[in-house]
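This one's a predicted model, so the numbers in the text were calculated from it and none came from an experiment. Chain letters run A, B, ... following the sequence lines, proteins first, then strands; residues in each count from 1.
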Protein chains: 2
Amino acid sequence: MEPENRELADIIDNLRRVFQVVNEHSKKAEKSSGITGPQLWAIKTISEKAPIRVSDLAHQMYLHPATVVGILDRLEARELVTRTRSSTDRRVVTIDLSEKGKELVRRAPEVAQGLLVAGLEKLSREKRKVIGEGLRYLVDILGVQEIPPKLMRSPEINTPE
Amino acid sequence: MEPENRELADIIDNLRRVFQVVNEHSKKAEKSSGITGPQLWAIKTISEKAPIRVSDLAHQMYLHPATVVGILDRLEARELVTRTRSSTDRRVVTIDLSEKGKELVRRAPEVAQGLLVAGLEKLSREKRKVIGEGLRYLVDILGVQEIPPKLMRSPEINTPE
DNA sequence: TGCTAATAATTAGCATACAAATCATTTAAG
DNA sequence: CTTAAATGATTTGTATGCTAATTATTAGCA
């Protein structure tokens, strides 16, 4: 393989690696907090925005509503969240944290900190710059061909507060 | 927000963006080739390394063997790959492409990585270098951090595969 | 008013993905 | 040589994640 293609292949391999590792670590979160990464992510989002509609939660999490429903099913089964059908618009279901859910958020605040952030913070300013710049290029070239999402609202990604 | 945190937030946001776009692209590939992204990835890997053992394939793909078994089941059901139990070590199963599988690889060579590769190829050598380097750092810090599974991933980053 | 379109949540069906347990086989220890 | 440990693939069970279809409700309009 020519060095040019080697370089491309490396980029793609590394992207996959990042995906895998990020995925893998989210599974490890389960062991220390008792719930899975996505569930924890949902809980955290709900704790910040509650009461929140299912569709808004899905939007907040960049996930499909159908996926969120499944996560909510499991959280509700553990009595961490509550579902309430709105009286003004009976199509709408609003989600809240139960006491148990709030307790979980209180008890595991550091969970939100995250491995990636911790790792990035330890890096030198220069390396962080390189990572940031490289990703920016990547987003640029990908963004050109990005397909407008259908069901989910604009996945316009907001910077965390 | 201080510039330092701004930088971190940007990195994480861009990662999310990349995840999403690549994810969508993988679905596009599915529609044009008839098989899913992971299946295509497996086919491509097999075509490069065949005959290959199941565990080696899993390693190549950064996936758990159990996951690969499922993918192989579906590929075998479509008669795209063949499983052969080794005669020298009867625990080992080696995977090969069927004629149909080879034909698919011939017919859809670029589908697997099309969007990414096409975009990357258009970039200047300089920018490509920056992307490659940045990802390498990223993989490094993720790899290093993987050892102590104490802290966990920021759920915000745990975007779908 | 009454019919149709749009919206919100859910369900059903499929494909990843992993950990843990299992089965068969091979290797190593005594 | 016999048994215990290790290895390779698979099975089982749980959790994502998506699309498409369904149900219930609301909004829009003739």
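The phosphate of C:dA9 (OP1 or OP2) has no side-chain N or O of A:Arg85 nearer than 4.0 angstrom. Taking 4.0 angstrom as the limit, A:Ser55 places none of its side-chain polar atoms (N or O) nearer than this to OP1 or OP2 of C:dT7. Phosphate proximity of D:dT14 to A:Thr36: absent, as no side-chain N or O sits under 4.0 Å from OP1 or OP2. Side-chain N/O atoms of A:Arg83 include one lying less than 4.0 angstrom from OP1 or OP2 on C:dT10. In terms of phosphate contacts, A:Arg90 brings no side-chain nitrogen or oxygen within less than 4.0 Å of OP1 or OP2 of D:dT26.
Protein atom CZ of B:Arg53 is 9 Å distant from nucleotide atom C1' of D:dT7, rounded to whole Å. The interatomic distance linking B:Ile52 (CD1) with D:dA9 (P) rounds to 10 Å, in whole Å. Going from atom CD1 of B:Ile35 over to atom P of C:dA15 covers 12 Å, rounded to whole Å. The distance between atom NE2 of B:His59 and atom P of C:dC18, rounded to the nearest whole Å, is 13 Å. At whole-Å resolution of the value, CG in B:Leu40 and P in C:dT16 are 11 Å apart. Atom NE2 in A:His64 sits about 17 Å away from atom P in C:dG13, given to the nearest Å. The separation between B:Asp89 atom CG and C:dA28 atom P is 12 Å, rounded to whole Å. Atom CG in A:Leu57 sits about 14 Å away from atom C1' in C:dA8, given to the nearest Å.
In this structure a side-chain-to-backbone donor-acceptor pair under 3.5 Å is present from B:Thr45 to B:Trp41.
When the salt bridge (charged side-chain N to carboxylate O under 4.0 Å, His left out) test is applied to B:Asp96, no partner is found at least two apart in sequence or on another chain.
Between B:Arg78 and B:Asp73, none of the side-chain N atoms (NZ, or NE/NH1/NH2) sits under 4.0 Å from a carboxylate O, so this pair counts as no salt bridge. A salt bridge links A:Lys102 with A:Glu99; the closest basic N to acidic carboxylate O contact falls under 4.0 Å.
Nucleotide D:dA30 is matched to C:dT1 when pairs are restricted to Watson-Crick or G-U wobble geometry with both distances under 3.5 angstrom.
Taking only distance into account, the side chain of A:Arg91 meets the base of C:dT7 through a donor-acceptor pair shorter than 3.5 Å.
B:Leu80 has its side chain out of reach of B:Leu97: every pair of non-hydrogen atoms, C-beta onward, lies at least 4.5 Å apart. Counting only heavy atoms from C-beta outward, the side chains of B:Ile95 and B:Arg53 never approach each other to under 4.5 Å.
If you check residues 66-81 of chain B against DNA chain D, the residues with a heavy atom closer than 4.0 Å are B:Ala66, B:Val69, listed by number.
The two residues A:Asp89 and A:Ser86 have their closest heavy-atom pair at N-OG, 3.1 Å. Closest approach of A:Arg85 and A:Arg90 over heavy atoms only: NH1-O, 2.7 Å. Residue A:Pro38 comes nearest to A:Met61 through the heavy atom pair O-CE, 3.7 Å, listed as atom of the first residue, atom of the second, then distance. In terms of heavy atoms, B:Gln60 sits closest to B:Ile52 at CG-CD1, 4.2 Å.
A:Thr88 comes within 4.0 angstrom of sugar-phosphate atoms only, judged by non-hydrogen atoms across all strands, and of no base.
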Each nucleotide N or O in nucleotides 2-4 of chain C that has a protein N or O under 3.5 Å away: list the pair and distance.
none

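In this structure, the nucleotide among D:dT16, C:dT16, C:dA17 sitting nearest to the side chain of B:Gln39 is C:dT16. For B:Val93, counting side-chain heavy atoms from C-beta on, the closest listed nucleotide (C:dA17, D:dT10, D:dG8) is D:dT10.
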